[in-house]
Amino acid sequence: MKVYKIAIFIILAAVFAACSRTAEPPPDSPTATLRKYVEASQKNDLEGMKQRLSQASLKLMQESAQKRNMTIEEILKQGSAVPIEGMPETRNEKIERDTATVEVANDTTGEFDVKIPFVRENGSWKIALDKYVEEILRKTTEDMSKPPANVSTETNKK
């Protein structure tokens, strides 16, 4: 469960770390949802932040909060404590039925190495942190199963 907590903070930090402006997205799009989430975070509007998260994300956060004797609001406050200047730079919004992804630029590297997943719930796009956590866990498991890069696979011949 520690990985879940770390992953939640990673996605929030990644979203908040990128600070460059992008063009206005359509009003009902995943990118617009991300923009509204960032704006709510800047205002410390916890209800506004929660409104942009999927039900599965809120459930995951609730479970994590209970294990830490905290509330979802306290977790969101910790995540929104990272100062941000504006909407992160985004690209490649991809929508497939009721799911979507948006690539977000990493302010440190400039690379678009963060893909934020979204789901459509009750006609509105919501950030799917739970799917992001699943992806991080999958990648971590894959990485852990690979041999270290500096280990030679050749055997000594004598």
Side-chain angles (χ1 to χ4, degrees), residues 2-62 64-65 70-144 146 149:
K2 185 175 182 179
V3 175
Y4 286 121
K5 291 184 269 186
I6 292 169
I8 289 170
F9 290 115
I10 289 172
I11 191 172
L12 292 174
V15 170
F16 299 141
C19 296
S20 54
R21 296 261 175 206
T22 60
E24 284 294 317
D28 181 30
S29 69
T31 304
T33 298
L34 179 60
R35 178 180 300 279
K36 290 173 187 171
Y37 182 89
V38 169
E39 289 170 356
S41 174
Q42 290 172 327
K43 297 174 185 173
N44 205 23
D45 174 7
L46 303 179
E47 280 305 311
M49 293 168 69
K50 284 172 41 177
Q51 289 174 4
R52 279 34 178 220
L53 297 173
S54 69
Q55 289 301 312
S57 297
L58 292 170
K59 181 180 177 188
L60 178 66
M61 291 179 81
Q62 180 63 43
S64 177
M70 296 175 72
T71 65
I72 289 177
E73 289 78 11
E74 289 169 324
I75 289 175
L76 289 171
K77 277 183 188 178
Q78 287 178 350
S80 67
V82 178
I84 55 174
E85 307 254 336
M87 174 67 179
E89 186 177 353
T90 61
R91 72 175 189 190
N92 294 340
E93 177 179 282
K94 293 183 182 175
I95 299 173
E96 295 180 14
R97 294 188 183 102
D98 288 339
T99 63
T101 57
V102 173
E103 292 178 358
V104 177
N106 180 326
D107 192 42
T108 304
T109 65
E111 298 291 320
F112 284 86
D113 55 3
V114 177
K115 245 187 204 179
I116 300 181
F118 294 81
V119 294
R120 188 177 282 278
E121 291 180 351
N122 300 320
S124 298
W125 287 107
K126 306 289 183 171
I127 299 170
L129 291 179
D130 58 305
K131 291 181 184 272
Y132 186 80
V133 169
E134 287 174 12
E135 182 64 16
I136 287 175
L137 291 174
R138 185 188 64 75
K139 285 181 180 179
T140 302
T141 302
E142 285 176 6
D143 290 346
M144 290 174 60
K146 293 179 185 176

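Not measured: the values here are computed from a predicted model. We use all heavy atoms of the structure for the numbers below, so side chains are in, but hydrogens, waters and symmetry mates are not.
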Can any side-chain N or O of [X] pair as donor or acceptor with the backbone N or O of [Y] at less than 3.5 Å?
{"X": "Glu93", "Y": "Thr31", "result": "yes"}
{"X": "Ser64", "Y": "Leu60", "result": "no"}
{"X": "Lys115", "Y": "Val102", "result": "no"}
{"X": "Ser54", "Y": "Ala128", "result": "no"}
{"X": "Thr33", "Y": "Ser29", "result": "yes"}
{"X": "Thr140", "Y": "Ile136", "result": "yes"}

Practice task
State whether the number of non-hydrogen atoms from other residues, nucleotides or ligands found under 6.0 Å of Lys126 atom NZ is greater than 12.
Solution key: yes

Atom pair [atom1] ([X]) and [atom2] ([Y]), whose distance is rounded to the nearest 0.5 Å:
{"X": "Leu58", "Y": "Arg52", "atom1": "CG", "atom2": "CZ", "result": "12.0 Å"}
{"X": "Glu103", "Y": "Asn92", "atom1": "CD", "atom2": "CG", "result": "4.0 Å"}
{"X": "Asp130", "Y": "Gln55", "atom1": "CG", "atom2": "CD", "result": "10.5 Å"}
{"X": "Met61", "Y": "Thr71", "atom1": "CE", "atom2": "OG1", "result": "9.5 Å"}
{"X": "Leu137", "Y": "Met144", "atom1": "CG", "atom2": "CE", "result": "10.5 Å"}

Could you check if a side-chain atom of [X] sits within less than 4.5 angstrom of a side-chain atom of [Y], using non-hydrogen atoms only?
{"X": "Asp28", "Y": "Arg120", "result": "yes"}
{"X": "Tyr132", "Y": "Val114", "result": "yes"}
{"X": "Leu76", "Y": "Leu53", "result": "yes"}
{"X": "Asn44", "Y": "Lys77", "result": "yes"}

Problem - side-chain contact (heavy atoms from CB on, under 4.5 Å) involving Ala100 - partner list, sequence neighbours excluded - result: Pro30, Ile95, Phe118, Trp125

Fill in the blank from the handout: By side-chain contact (heavy atoms from CB on, under 4.5 Å), Lys43 pairs with (sequence neighbours left out) Asp45

Handout entry: Residues which pass side-chain hydrogen bond (donor to acceptor under 3.5 Å, both in side chains) with Glu142, listed by chain and number, not counting sequence neighbours
Key = Arg138

Problem - Short N-O contact, Glu47 and Lys50, less than 4.0 angstrom - result: yes

Exercise for the section: Apply side-chain contact (heavy atoms from CB on, under 4.5 Å) to Thr90 and Ile116, showing your working. Expected result: CA-CA 10 Å; Thr90 61; Ile116 300 181; over 6 Å; no

Fill in the blank from the handout: On a heavy-atom basis, the closest approach of Ser57 and Ile127 is OG-O, 3.3 Å

